[in-house]
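So you know, we letter chains A, B, ... as the sequences are listed, proteins then strands, and number each from 1.
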Protein chains: 2
Amino acid sequence: MSQELATTSYALLGLLAFGDGLTGYELKQRADNTLRFYWVSPAMSQVYTELTRLEQLALVKMNTERRGLRTTRRYHLTDAGSTALREWLARPPAEFPILKHPVALRLLMGHLIDPGMRRSMLDAYLQSLAQRRIELQAVRDSLGDEPAVRFPAMVADWGLDYYESERAMVTELRRRLEGE
Amino acid sequence: MSQELATTSYALLGLLAFGDGLTGYELKQRADNTLRFYWVSPAMSQVYTELTRLEQLALVKMNTERRGLRTTRRYHLTDAGSTALREWLARPPAEFPILKHPVALRLLMGHLIDPGMRRSMLDAYLQSLAQRRIELQAVRDSLGDEPAVRFPAMVADWGLDYYESERAMVTELRRRLEGE
DNA sequence: ACAGCCATGTAACTCGTTACATGATTAC
DNA sequence: GTAATCATGTAACGAGTTACATGGCTGT
């Protein structure tokens, strides 16, 4: 029963565990609101191929609806899907996080960048970081206090703290680059 | 001249910009010491294929050495390679970091995990985080105060601060899960 | 009428991994 | 002599992306 699926597949099953009966399109939207910050938001095309595969594995089932001429497919977790998800969650250990940090990577080669560029790179990063934070804050606000989304809220708070500490660290780095 | 290479290719060029005349094997070791923490450490096989490609693009050149029966290939940056690397570094903006955080992803679905498991997952994460930190600290120590590696040292310090703030946040999360 | 969103998919391709394969050199 | 490390590659595969392709529904 513990067939190896990619983490992204489990992530999609997890989204279905919250809002059952979603279309591929809606699933992508949910992914943009949550997965994007802690994992990745798969491309639309991948969502659809993934759903097809999960259906073949009988982890989700699909209902075809017809509204006028348009066909809409809504996906639900099956019992097998729910079991597979819980088994994955119970299977330790969780892998160590992977960080792909282009700004850190570039700063590593700081001696090849001119000083002004180094500083403006960090400034630009601070700006995009602030933007991201606003986006995550909006998601956090939308979750409110509802017990049903207590864990998503907790993780969103974690993410916000991370953005804050990153902001502080980069600001300090920026200051160190100032004095030269 | 600004042909699009993958970020990992530039990362390898960057490593060659520090220690010129490295073998594929040595390059992999350097990657394990630095890139691993902020980007990814490519598999050995990828290092070799990447070097072959970079050579075809004339961004690196290769010297074949013979020591007894063994053939060793040492790679150096060419002028074109150095230029391509600098151009990439000067080409803003740097992309936003990507975080793949399996622990956060799982906690998102915390309602599907039993409370004991939730706590032990965070405990295990704290442990591997401490381990990682020791590894990065060793790298940092090896860099010392030398001006030639000032930027790698700066980035290593940044990474250490990140591990520390992550430790603090997870410890706090762990505490919140305690009271239930 | 037109824009923007909803909705679903296929095809080609790239990046990167694991598994496979080989063998020399060095230190104990 | 034998284990660890140095050294280089090929083959098969998987995960994920972008580009391509289509078309209905909704609000103004």
Side-chain angles (χ1 to χ4, degrees), chain A residues 3-13 15 19 21-33 35-36 39-57 60 62-75 88 95-96 98-100 102 105, chain B residues 3-13 19 21-33 35-36 38-57 60 62-75 88 95-96 98-100 102 105:
Chain A
Q3 36 196 335
E4 278 318 295
L5 289 179
T7 303
T8 300
S9 307
Y10 289 113
L12 290 179
L13 288 178
L15 289 182
L22 298 177
T23 68
Y25 190 89
E26 288 166 341
L27 212 45
K28 167 64 173 164
Q29 290 180 320
R30 303 283 180 109
D32 283 341
N33 271 329
L35 294 188
R36 176 162 65 105
W39 190 250
V40 284
S41 194
M44 279 272 34
S45 65
Q46 202 197 346
V47 172
Y48 287 114
T49 37
E50 204 62 57
L51 283 172
T52 305
R53 178 158 39 140
L54 291 174
E55 202 199 2
Q56 274 160 6
L57 294 171
V60 302
M62 186 254 291
N63 289 338
T64 304
E65 285 170 19
R66 241 163 271 267
R67 232 179 114 82
L69 289 177
R70 183 192 287 184
T71 306
T72 302
R73 300 166 198 287
R74 298 203 167 269
Y75 290 87
W88 174 71
E95 313 84 75
F96 197 82
I98 291 175
L99 182 63
K100 288 189 172 192
L105 179 61
Chain B
Q3 35 197 335
E4 276 319 295
L5 288 179
T7 302
T8 299
S9 307
Y10 289 112
L12 290 180
L13 288 179
L22 298 177
T23 68
Y25 190 89
E26 287 167 343
L27 211 47
K28 167 64 174 162
Q29 290 180 319
R30 304 281 180 109
D32 284 340
N33 270 330
L35 295 187
R36 176 162 67 104
Y38 327 109
W39 189 249
V40 285
S41 193
M44 279 269 36
S45 65
Q46 202 197 346
V47 172
Y48 287 115
T49 38
E50 205 61 59
L51 283 172
T52 304
R53 184 171 20 151
L54 292 174
E55 202 199 1
Q56 273 159 9
L57 294 171
V60 301
M62 186 252 292
N63 288 339
T64 304
E65 285 170 18
R66 241 162 271 268
R67 231 180 114 80
L69 290 177
R70 183 192 285 184
T71 305
T72 302
R73 300 168 198 285
R74 298 202 168 270
Y75 290 87
W88 174 70
E95 312 84 74
F96 198 82
I98 291 175
L99 182 63
K100 289 189 169 190
L105 179 61

- prompt: Side chains of A/Leu54 and A/Leu5: does their closest heavy-atom pair fall under 4.5 Å?
  reply: yes
query: With respect to the side chain of B/Arg73, which nucleotide from C/dA7, C/dG9, D/dT8 is positioned closest?
result: D/dT8
- prompt: Angle, rounded to 10°, between the helical axes spanning five pairs at each terminus of the helix from C/dA1-D/dT28 to C/dC28-D/dG1?
  reply: 30°
Atom pair CD/CH2 of B/Glu4 and B/Trp88 - distance to nearest 0.5 Å: 10.5 Å
statement: Separation of C/dT25 atom P from B/Arg66 atom CZ, nearest Å, is 12 Å
field: Any side-chain heavy-atom pair of B/Thr71 and B/Arg73 under 4.5 Å
entry: yes
query: Taking A/Val47 as the fixed residue, which of A/Thr52, A/Thr23, A/Leu15, A/Leu27 is the one that meets the side-chain contact (heavy atoms from CB on, under 4.5 Å) rule?
result: A/Leu27
message: For the residue pair B/Thr72 / B/Glu65, report whether a side-chain donor-acceptor contact shorter than 3.5 Å exists.
response: no
task: Please report the closest heavy-atom contact between B/Tyr25 and B/Met44, naming both atoms and the distance.
output: CA-CE, 4.0 Å
query: Is the side chain of A/Lys28 donor-acceptor paired with the backbone N or O of A/Ala43 at a distance under 3.5 Å, no angle test?
result: no
Nearest-angstrom distance from the residue atom CD of A/Gln56 to P of C/dG9: 12 Å
query: Any side-chain heavy atom of B/Leu57 within less than 4.5 Å of one from B/Arg53?
result: yes
field: Side chain to side chain, A/Leu35 and B/Leu105, heavy atoms closer than 4.5 Å
entry: yes
Letter per nucleotide, 5' to 3', of nucleotides 12-24 of chain C [B base touched, S only sugar-phosphate touched, - untouched; heavy atoms, 4.0 Å]: ---SSBB----BB
statement: A/Leu54 atom CG is separated from C/dG9 atom C1', nearest whole Å, by 16 Å
task: Taking only the side-chain nitrogens and oxygens of B/Tyr48, find out if one of them lies under 4.0 Å from OP1 or OP2 of D/dT8.
output: yes
message: Once rounded to the nearest 0.5 Å, what's the spacing between atom OG1 of B/Thr8 and atom CD of B/Gln46?
response: 6.0 Å
field: Side chain to side chain, B/Lys100 and A/Glu95, heavy atoms closer than 4.5 Å
entry: no
Contact list for DNA chain D against residues 22-32 of chain B - heavy-atom distance below 4.0 Å: B/Thr23, B/Gly24, B/Tyr25, B/Gln29
